[in-house]
*Asks:* 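Here's a structure for you.
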Amino acid sequence: MGMLNLVLTNISRKPPTRLYPFEIREPFKEFKGRIVFNPENCILCGLCQKKCPPDAITVTKADKTWELNVFRCIMCTECVNGCPKDCISISNERAKTGAKEFIKVAVPIVDKPKAPKAETPKAASSK
Amino acid sequence: MLDNTIETTEIKSSGELLKTVEGLKSDGYRYSTMICLKANEGHDLIYIFEKDNKLKNLRYFVKPGEKPKSVSGIYLCALLIENEYQDLFGLTFEGLAIDYKGHLYLTPNSPKAPLA
Amino acid sequence: MTTVIPFGPQHPVLPEPVSLKLEIDNDVVVGVLPSLGYVHRGLEKFIDTKDYNQTTYICERICGICSALHGITYTRAVEKLFDVEIPERAQYIRVIVGELNRVHSHLLWLGLFADGFGFESLFYECWKYREAVLDVLERITGNRVIHSISRVGGVSRDLTKEQIDMTLKMLDAVESQVKDIEKVFVNNYTVKQRLVGLATMSKQLAYEAGTAGPTLRGSGNAVDVRETADWDIYKDLGFKPVVEKDGDCYARTKVRITELYESIKLIRNAISKLPNGEVAIPIKGFPTGEAIMRTEQPRGEVVYYVKGNGTKNLERLKIRTPTFANIPSLLLMLPGVKLADVPIVVLTIDPCISCTER
Amino acid sequence: MNTNDILLAVLVLIGAPIIGCIASGIDRKITARLQGRVGPPLLQPYYDVKKLLSKDNMVVNPSQNFYVVVYLVFIVLSLLMLVFKQDFLMIIFVYTVASLALIVGGMSTGSPYARVGSSREIMAILSYEPVLILYALAIYLLTGTFKLTAVLDASSPMLMYTPLIFIAMIVVLNIKLKKSPFDYSTSHHGHQELVKGMTTEYGGPGFATIEIAHFYEYVFLTGLIFLFWASNPIIGVLLGIIAYLLIIVIDNITARVYWQWMLKLSWSVLLIISIVNIAFLYVSGVQLA
Amino acid sequence: MSLAKSPWIIHVNVNSCNGCDIEVVACLTPLYDAERFGVLNIGTPKQADIMVVTGSVNYKNVNVLKNLYNQIPDPKVVLAVGACASTGGIFHNCYNVIGGVDQVIPVDAYVPGCCPRPEAILDGVVAALSILEEKKKGNIKGKEVKLKGSEVPSNA
Amino acid sequence: MMENTVMLLIIVPILFSLLFVALPKSLYKYLAWAFFIIGVALSVNLVLDGTGVVQIGEPNFAMFENIVLVLEVLVILFILAVSAKYKNWPTLGLGIISAALFAYTFTNVPGAEGASFNIDQFSQIMILIVNIVGTAIILFATGYMDEYEEHRHLHRQKTFYFTMSFFLAAMNGLVMADTLGWLFLFWELTTLCSFVLISYNMDEEGINNGFRALALNLVGGIALSIGIILLATKYEISTLSGIGTYAGTDAAAMAAVALPVALLCIGGFAKSAQMPFQSWLLGAMVAPTPVSALLHSSTMVNAGVFLVVKLVPAFAGSSLGTAIAVYGSFTFVMCSALALSQRNAKRVLAYSTIANLGLIIASAGIGTPLAVAAAIMLILFHAISKALLFLCTGEIEHTIGSRDIEDMSGLINKAPLLTTLAALGMVSMLLPPFGVLLTKWVSMEAASSNPVVIVFLILGSALTTVYYAKWLGTILSSSMDKNAVPHKKPETYFPLSFLGLAIVATSIFVFSIYSYFIKPQVEILLKTAPVISGQAGQFTSEIGAFAYAAIFVVLALAVLIYLATKNMFTPRTTSYYMCGENNLEKDRLMFRNGLCSYEKSSVSNIYLQNTFGESKLTTLGYAISIILIVIALAGGVGL
Ligand code: SF4
Ligand code: SF4
Ligand code: SF4
Ligand code: SF4
Ligand code: SF4
Ligand code: SF4
Ligand code: SF4
Ligand code: SF4
């Protein structure tokens with residue numbers, strides 16, 4: 001009885017279950033967790049918006065804002081590779097579960113060379 | 001056309017089509033799929049058959065308004081793709097084994113013939 | 001009066017929304033009418049708004065289970081349009097990821113299948129082993145399920161030494177675990193009660209019904225596109241199609257189990273032969289012409305037809321997915337089986353409705 | 001009915017569901033461990049019932065909950081009759097009322113899945129009911145009466161003379177607990193072709209009633225096993241526990257089978273071995289001391 | 001408290017690519033074992049507390065979603081898993097896609113990702129639990145979602 | 001005065017049968033009510049008169065004897081005439097044999113000096129059944145037959161009521177007569193009534209089935225008359241009670257009369273449609289439902305088992321008894337199995353009737369006091385429940401236009417009262433605390449000493465549970481479409497409710513019934529009484545106890561709990577789980593199929609035709625039952 005062996009082995013060992021959320025395994029460094037935007041060098045060229053397959057990024061030149069709909073992003077990294085200024089990077093931390101989140105960042109364009117004042121990523125409730 | 005075109009055999013009439021398909025079946029070909037393209041107001045249908053991992057393609061031009069004959073009577077498995085093109089391209093195949101009447105994927109409120 | 005019951009779209013035994021109208025007489029199915037469209041999104045139209053590069057990500061999301069192979073097939077089709085040869089190392093990485101994908105997919109299927117005949121603990125075993133494969137895939141590609149590894153011109157990430165070691169270690173473990181569950185699938189009395197002789201398709205019938213993949217090979221047809229000249233690497237790796245001749249659910253199960261070993265062997269060979277060099281080349285311009293590309297996915301052969309017209313968008317993209325080819329065979333297999341067997345028979349083609357309907 | 005009896009009755013009424021609840025918690029825990037998981041907390045069945053009671057009472061047929069109440073009270077009655085050493089044949093008939101109430105309850109919802117589940121469960125009656133009555137007959141042949149007094153007061157275990165019926169009863173237990181391989185009419189998780197089978201349309205308080213009745217049923221069924229070694233209560237209880245463990249393990253090493261297969265099994269194997277056992281008792285004329 | 005200890009889920013796959021689905025199923029398997037929280041994948045809406053929806057809404061499944069939602073007894077919580085269910089994801093402007101699940105039924109919590117990791121889904125379930133408790137306390141009933149003849153939600 | 005009551009019981013029904021012929025159709029309703037009331041009064045009166053033997057001596061005897069002779073001649077002539085007219089040669093042949101036997105009896109068998117009616121408790125029970133249940137059925141018929149005839153374009157109601165009433169007279173005579181010759185006449189008269197009523201539709205099917213019933217009953221009648229001749233010539237026994245007295249003297253005497261007793265029993269088997277005679281009863285289902293209820297379940301077929309039970313003293317404890325017990329229990333299990341594959345409600349009931357009669361025969365065969373008590377009680381309870389079930393089936397058929405069990409799903413929504421009554425009837429057939437199960441329990445306990453019989457009984461009772469459960473579940477399942485409107489006429493609903501109440505009442509007062517009727521009767525038959533006592537709502541035998549009161553209490557408790565908690569958890573009605581594809585605006589059982597159109601879902605039960613189908617089992621049943629009968633006969637001649 002193959003199955004008998006398997007189940008008896010199972011019961012005789014500690015279950016392999018990860019007790020998430022009480023025990024959290026370090027995410028792999030390769031894991032594509034979430035998009036991180038660094039507004040410092042952004043030139044609002046809109047390339048990332050154009051490359052993004054699900055249209056998760058909105059670059060508004062007029063308001064000087066860069067906006068990411070976290071709940072639409074599919075972690076394809078097209079924007080990361082496509083940004084001429086390397087403003088976008090990827091982190092191995094997961095995006096948070098809960099209400100819909102839009103990351104809207106005001107971009108300090110060249111004429112304000114130093115100390116960019118980024119709005120903290122804020123959670124907006126669903127549209 | 002360009003150099004990387006796929007090889008196809010042109011079929012002129014629906015009668016010829018059915019006959020050729022029957023011939024292919026008796027030669028031991030499998031029905032793989034059919035591709036539908038918009039072309040010159042009408043539609044190009046590319047029937048793909050396979051035997052020993054080699055493909056054989058038939059190209060048949062559907063004139064605007066023409067109702068192509070279904071090959072689902074010869075290869076039952078053709079019925080899905082033909083129904084699909086009824087949905088997506090608004091074609092009408094005659095003699096379908098199961099006719100979903102344009103409701104294979106779409107319901108009465110979805111966009112009509114979206115690929116047409 | 002016969003029994004008429006709806007089976008799906010939301011049905012716990014079929015995690016996917018397919019709906020079958022079943023007509024049952026005396027506990028035996030006499031009529032079946034599938035209802036599709038619950039996952040129809042309209043992806044073949046998407047090429048109008050997305051360029052050929054972005055389309056890769058859409059193709060990967062045709063189905064989350066063998067997404068890597070969708071991406072690979074699509075990119076290879078487009079590369080054929082450009083008529084470019086991509087670096088060998090990229091080809092090998094594609095094969096490795098693709099085969100890993102098959103391993104996880106087959107394990108997943110074995111689990112769901114076990115669940116389909118009410119064998120929960122076996123389901124859990126299969127999925128437990130599958131996690132190790134997913135861990136490796138995650139480390140290689142950055143994602144557990146939708147990998148986004150293949151891009152037009154090569155692959156997006158290289159394989160590191162560390163990742164290779166991890167893969168080899170995982171393969172050893174998984175191979176021995178597969179041997180354990182193989183014993184159950186092949187020898188367990190109750191499992192055999194359920195599977196042997198169920199929904200048999202003769203060699204001829206399976207061939208003519210246009211079935212694909214394990215469904216086809218379970219009936220004794222040695223058809224596997226990995227064998228064709230389209231993709232030479234498989235030949236170098238010593239690939240052999242897996243065939244069983246009985247044509248019943250039991251045979252199809254055995255095909256998939258044996259394919260697990262075959263895939264493990266292929267990955268090992270690929271790793272040992274992995275050439276050095278670039279993993280991607282830049283692609284310039286816009287695609288023109290027509291091309292057909294076929295790949296053996298876990299569920300069978302997928303056919304991509306792409307047509308370019310010299311713009312950044314393709315003119316036509318048509319995907320014939322394996323489940324699309326296998327669904328008509330359900331019409332042949334279901335009549336005559338018991339109601340209790342319906343989920344088993346449906347699962348035995350390893351249905352993937354999201355790829356059927358796109 | 002003296003005070004002692006009333007006390008005992010109250011004890012059973014309160015104690016049985018507690019034992020049943022814990023037993024089912026242990027069951028889930030062991031099942032999880034056999035499957036290599038941690039599993040739910042021990043009191044999970046209790047939480048489940050409490051939650052179900054606090055949910056909306058959604059019904060398809062306003063009278064569907066009546067049948068589950070009948071199911072519950074008749075399970076309780078059969079348990080009480082067992083405790084009070086009543087006529088065993090009678091107990092089985094009362095138990096049949098309970099089983100039928102659940103089946104009819106499933107049918108009464110009218111939903112296709114529930115009805116298919118119920119009609120399969122009806123077929124299950126065909127396979128376990130004869131065994132149960134043959135068990136009663138064995139008791140009669142051994143003690144000269146269908147009343148359980150004799151069995152419970154005997155000094156030697158019944159198992160000695162009824163080993164084959166014991167085996168058959170283990171399978172019956174398996175069928176009644178709706179564990180794999182016999183979980184075709186309703187399964188504990190909804191992963192089957194019939195969704196939740198008979199109980200598909202029950203939710204909230206109605207389903208809670210079914211769960212509570214299951215707790216009693218657990219105890220009742222263990223009681224049936226207990227009778228095999230009633231002369232020594234400790235061994236009797238142990239026997240019950242072993243039977244449970246066995247069933248849990250079987251649950252985890254088998255696939256679900258068809259009711260047709262089960263019918264064949266029960267009429268060709270279970271019935272025959274039970275009858276052989278009965279024939280032995282009849283011919284040898286042994287009496288339980 | 002009882003609600004939070006025994007969340008039974010019904011998994012509804014509407015327009016999903018299976019990526020999210022297999023991760024939802026993976027939550028139940030030994031490595032993640034959602035049953036630790038009392039989670040059961042119960043199958044029938046009549047016994048469910050949490051509706052886990054994967055995939056976006058299309059014209060054919062919009063009724064399915066509404067029907068199932070209406071059949072879950074109160075208190076109930078809807079958890080949208082994945083980019084598709086949350087916003088329509090990559091498919092949000094396909095011709096046959098109406099949009100995220102919240103276009104059709106009220107959604108209480110969203111899980112991001114394509115596909116989300118099982119851990120993220122577990123987070124979602126835990127978030128759903130507290131919402132469930134709140135709803136019970138406040139006696140908040142889910143509104144009956146009307147099936148319109150047209151099957152198209154007004155805000156689509 | 002008992003004598004008068006006895007006479008009235010025979011004359012009044014005849015009177016009524018003539019009234020039905022004389023008066024117009026519009027008055028039938030009132031006539032039936034009157035008949036019902038008089039029937040109740042007469043039968044109760046008989047019970048109050050007590051038991052005893054009514055001797056018909058000279059000078060009345062000569063007159064009666066002549067009437068009897070004339071009637072017998074008429075019966076035989078009728079059979080010959082009708083079978084010749086319809087060219088039914090087998091029946092004609094059997095008729096000729098009967099005639100020959102009659103002639104032989106007339107010439108060679110010494111005539112008796114008098115005749116007697118023996119009113120014992122058993123007869124009282126039968127009289128109660130015949131005159132209360134029977135007239136209730138006739139009352140039901142007045143509300144039923146118009147519609148029945150309308151659908152079939154028939155105008156034969158006069159024949160119908162005449163025969164039904166006349167049948168009651170014959171049946172009354174049959175259960176009271178002690179003289180074998182008279183008993184035989186009444187016996188043949190009931191056969192004739194049955195023939196007329198089965199052929200009632202006058203279509204080919206009806207006539208064929210009528211002839212089948214006639215022929216098979218003639219076979220039984222022939223066995224009966226041979227038995228009577230043997231008894232009279234060899235042992236000079238001419239009364240039913242005489243057999244018991246003779247056989248009761250010692251074992252040798254018992255063995256001596258075994259052959260004629262076995263022949264009488266075969267006559268009884270044929271009348272009770274036991275295997276291999278069962279086909280006539282199934283054929284009889286073409287008759288209007290009241291006929292099935294009256295003749296073919298609650299009264300006439302009981303005549304057979306009545307006779308067998310009366311003969312108990314002649315075989316109790318002998319090998320003939322054992323053979324009869326095995327035979328009866330075999331019919332029980334076989335017909336229960338056959339009922340499993342039936343979806344025609346009337347056929348299910350027919351098989352169930354045969355099976356239960358088999359159970360009665362088995363109990364009689366076992367022959368212990370307990371078993372005989374069970375047999376008599378079962379006759380009573382079964383008659384009431386079956387009459388109710390048949391009448392309900394008839395009414396259901398008029399409500400939904402079908403007698404297919406599968407078509408009855410959702411009946412509870414269409415006709416709640418009717419469904420409740422039908423459900424009560426079914427529940428009373430198989431679940432405690434109702435009488436039928438009580439008697440089944442008694443017979444099982446009694447049979448536990450005979451392993452073959454008990455195994456048959458066990459299997460049969462499981463099968464019974466299954467086929468009733470299917471039907472019960474089907475009628476109680478909700479479907480929510482309310483197309484059919486139940487016909488609510490007092491003539492139909494009164495008898496139904498009356499029978500329903502009777503089931504409950506008899507079950508509650510089972511112990512009084514037992515001590516008043518059954519116990520003395522068993523004492524008469526076996527000279528010992530079963531050790532049964534009833535205290536604290538229990539029915540206690542020497543080997544077990546049936547706590548029926550507790551179950552009634554618990555049942556009431558269930559209703560109370562349900563009603564009490566109903567308001568605690570306000571129910572909210574929702575739609576069926578259809579995997580999400582409901583359409584609420586249309587039927588609630590509709591779902592959307594692949595073609596984007598809506599379709600109704602339906603579920604049919606499992607019938608197992610392949611295992612338990614008639615074609616599979618009937619031959620086997622014939623073979624085994626014939627073997628068993630041969631064994632019984634062989635035992636009878638002492639081989
Ligand atoms: S990772 Fe992909 S989906 Fe996400 S923002 Fe960047 S381009 Fe868009
Ligand atoms: S993030 Fe990069 S690509 Fe996007 S707008 Fe800024 S500079 Fe351009
Ligand atoms: S792809 Fe497989 S796992 Fe996913 S829903 Fe379909 S059958 Fe289930
Ligand atoms: S069947 Fe199709 S969509 Fe599904 S996993 Fe395979 S290739 Fe992907
Ligand atoms: S979110 Fe991503 S993984 Fe999930 S269903 Fe949508 S496309 Fe698939
Ligand atoms: S025969 Fe015709 S007219 Fe006469 S009652 Fe019947 S249906 Fe009416
Ligand atoms: S079945 Fe129909 S036609 Fe026949 S009598 Fe009944 S209601 Fe009339
Ligand atoms: S067939 Fe089409 S249009 Fe007609 S009701 Fe059905 S879905 Fe609507």
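Note on naming: letters A, B, ... go to the chains in the order of the sequence lines (proteins, then strands), and numbering restarts at 1 for each one.
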*Asks:* Would you mind checking which part of C:Q204 comes under 4.5 Å of any heavy atom in chain B, side chain (CB onward), backbone (N, CA, C, O), both or neither?
*Replies:* neither

*Asks:* CG of B:L104 to NE2 of C:H40: how many Å apart, nearest 0.5 Å?
*Replies:* 9.0 Å

*Asks:* Does the side chain of B:K51 come within less than 4.5 Å of C:Y207's, by heavy atoms?
*Replies:* yes

*Asks:* Taking side chain as C-beta onward, heavy atoms only, is C:Y305 less than 4.5 Å from B:T33?
*Replies:* no

*Asks:* Find the distance between NE2 (B:H103) and CG (C:L36) and round it off to the nearest 0.5 Å.
*Replies:* 14.0 Å

*Asks:* Are any of the side-chain heavy atoms of C:L216 and B:R30 separated by less than 4.5 Å?
*Replies:* yes

*Asks:* If you measure from CG on C:L332 to SG on B:C77, what distance do you get to the nearest 0.5 Å?
*Replies:* 9.0 Å

*Asks:* Determine whether B:I81 and C:K318 make a side-chain contact, defined as any pair of heavy atoms from C-beta on separated by less than 4.5 Å.
*Replies:* yes

*Asks:* Check whether any side-chain heavy atom of B:Y100 lies under 4.5 Å from a side-chain heavy atom of C:P34, and answer yes or no.
*Replies:* yes

*Asks:* Output yes when B:E50 and C:R320 qualify as a salt bridge under the 4.0 Å nitrogen-oxygen rule, no when they do not.
*Replies:* no

*Asks:* So, for B:E84 and C:F324, which heavy atoms are closest and what is the spacing to 0.1 Å?
*Replies:* OE1-CE1, 3.1 Å

*Asks:* Could you grab the distance from atom CD1 of B:I35 to atom CD of C:E290, nearest 0.5 Å is fine?
*Replies:* 8.0 Å

*Asks:* Where on B:Y31 is there a heavy atom nearer than 4.5 Å to chain C: the side chain, the backbone, both, or neither?
*Replies:* backbone

*Asks:* Could you have a look at C:V39, C:I327, C:V303, C:D224 and say which one has the most heavy-atom pairs with chain B under 4.5 angstrom?
*Replies:* C:D224

*Asks:* Taking atom CG of B:L76 and atom CG of C:L331, what is their separation to the nearest 0.5 Å?
*Replies:* 6.0 Å

*Asks:* Between B:L80 and chain C, which part of the residue has a heavy atom less than 4.5 Å away: side chain, backbone, both or neither?
*Replies:* both

